[in-house]
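Ligands are counted one by one from 1 in listed order, and the atoms in each one are counted from 1 as well. All residue numbers refer to positions in the sequence shown, counting from 1. Note that these values count all heavy atoms, side chains included, but never hydrogens, waters or copies made by symmetry.
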Amino acid sequence: MRRFGIAGKASSRTKTAAAVVAIAALALTGCGRSESSAGASGSAGGFAKDSLIGVALPQKTSENWVLAEQLFNDGLKNAGFKPDVQFANSGVSEQQNEISTMVTKGAKVIIVGAIDGKQLGTQLKQAKDAGATVIAYDRLLENTNDVDYYVAYDNFKVGQLQGQALLDGMKAKKANGPYNVELFAGSPDDANAKVFFDGAMSVLKPKIDDGTLHVLSGQKSFEQAVTQGWKAENAQKRMDTILAANYTTAPLDGVLSPNDTLARAIITSVKSAGKPIPVVTGQDSEVESVKSIMAGEQYSTINKDTRNLVKQAIDMVSKLQAGQQPDINDTKSYNNGVKTVPTYLLPPVIVTKANAKEAYANDPTLSKLTQ
Ligand code: BGC
């Protein structure tokens with residue numbers, strides 16, 4: 001079954017239905033347990049403990065990427081490896097060059113958080129030809145055979161939680177619909193953006209179809225909702241335009257925002273239009289958004305603790321070093337257009353003001369904001 005593939009191979013309705021079935025199947029088969037990753041390549045024989053491990057991160061489009069840099073450097077060193085952690089702030093070609101350099105330097109594992117997971121095929125092939133193992137981190141690497149594993153938070157579930165939070169938040173303010181909502185998605189070059197949107201729409205589309213939700217702009221497709229580069233200014237501009245065209249008199253009850261950076265941009269736009277702040281979702285538990293949630297402005301975010309994701313990726317590296325198969329708990333969901341990539345998925349957690357204290361109890365930075 002195809003849960004998340006390359007966009008455009010099935011109608012979104014079919015894909016959404018398939019996704020829901022896949023989620024249900026995963027739940028039934030106990031997603032979260034470790035299975036052996038029979039058939040996954042890249043671990044034969046292990047490698048020297050002090051080997052170079054490359055980590056190619058994208059741009060700093062959200063706090064989670066910034067946190068990942070330090071966590072990878074410290075965690076890989078503590079595990080005995082030599083880390084080479086790079087950002088690609090100027091874009092795809094910089095990331096391509098960085099991966100090539102990691103291969104030349106003899107990296108045994110290359111962990112990639114791709115800017116555009118479809119544009120690294122040549123470099124990933126170089127990596128595999130040189131005997132390295134390739135791990136996709138947070139974002140899937142698409143249209144390539146040359147990826148061995150994927151480690152991420154469950155992206156579809158993130159979207160589902162966002163969609164449900166939007167409904168719950170609006171219901172708490174006004175018991176019955178109809179509600180006016182607008183929809184935002186992430187950057188179309190990021191493989192996660194469509195998955196987040198599809199997850200959210202699996203919850204919201206039935207409510208649009210039955211008239212509970214109205215999207216006054218009419219912009220309901222992923223293509224219409226995208227935010228290039230995950231840039232706050234792009235989301236803010238689009239919200240400004242939508243407000244001016246559709247909401248001079250009509251109320252805006254809710255906005256689906258795929259992450260915190262965009263949520264704050266949307267809230268800024270609404271405030272400068274002089275409108276009351278609608279229910280706005282988010283993701284990443286960024287400091288400014290957690291403050292906003294505690295102040296009663298942004299409605300929700302998602303906790304995807306970066307420490308756990310990096311730890312899981314480093315655990316994969318340690319297993320490979322020892323010549324063992326890394327833990328995976330999903331062998332079906334992530335078809336990248338060429339192959340189904342053995343995956344380890346972590347569970348995301350929805351956070352609102354109501355559960356923030358509990359959700360961040362173990363986070364030294366965020367727990368201080370929820371006192
Ligand atoms: C990550 C999100 C993040 C976004 C922008 C996505 O791939 O999964 O957590 O908000 O990138 O940086």
Chemist: If every non-hydrogen atom of Ile314 is compared with every non-hydrogen atom of Leu71, which pair is closest and at what distance?
Modeler: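 Taking every non-hydrogen atom into account, CD1-O, 4.1 Å.
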Chemist: Any ion pair linking Asp209 and Lys205 (charged N to carboxylate O, less than 4.0 Å)?
Modeler: yes
Chemist: Might you work through the side-chain contact (heavy atoms from CB on, under 4.5 Å) test for Leu76 and Val55, ending with a clear yes or no?
Modeler: CA-CA 10 Å; Leu76 285 167; Val55 183; 3.8 Å; yes
Chemist: Using non-hydrogen atoms of the residue, decide whether Gln59 is closer than 4.0 angstrom to ligand 1.
Modeler: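 Heavy atoms of Gln59 never come under 4.0 Å of ligand 1.
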Chemist: For atom 1 (C) of ligand 1, what's the nearest protein heavy-atom neighbour? Residue, atom name and distance, please.
Modeler: Asp138 OD2, 3.2 Å
Chemist: Please could you name the atoms of ligand 1 that Trp65 approaches to less than 4.0 Å, counting only its heavy atoms?
Modeler: 11 (O), 12 (O)
Chemist: Taking 4.0 angstrom as the limit and counting only heavy atoms of Arg139, give me the atoms of ligand 1 inside it, by number and element.
Modeler: 4 (C), 5 (C), 6 (C), 7 (O), 11 (O), 12 (O)
Chemist: For a 4.5 angstrom cut-off between non-hydrogen side-chain atoms, does Pro188 reach Lys194?
Modeler: no
Chemist: Can you tell me the protein heavy atom closest to atom 10 (O) of ligand 1 and the distance?
Modeler: Asp284 OD2, 2.6 Å
Chemist: Please indicate whether any nitrogen or oxygen in Asn259 is less than 3.5 Å from any nitrogen or oxygen in ligand 1.
Modeler: yes
Chemist: Would you call Asp363 and Arg307 a side-chain contact if the rule is heavy atoms closer than 4.5 Å?
Modeler: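 Of all side-chain heavy-atom pairs linking Arg307 with Asp363, at least one is under 4.5 Å.
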Chemist: Does ligand 1 have any atom sitting under 4.0 Å from a heavy atom of Phe196?
Modeler: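 Within the 4.0 Å threshold, so yes.
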Chemist: Below 4.0 angstrom from a heavy atom of Asp190, which ligand 1 atoms are there? Numbered from 1 as shown, please.
Modeler: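 The atoms of ligand 1 under 4.0 Å from a heavy atom of Asp190 are 6 (C), 7 (O), 11 (O).
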Chemist: For Asn362 and Asp305: C-alpha separation, side-chain torsions, deciding distance, then whether side-chain contact (heavy atoms from CB on, under 4.5 Å) applies.
Modeler: CA-CA 10 Å; Asn362 297 324; Asp305 193 326; over 6 Å; no
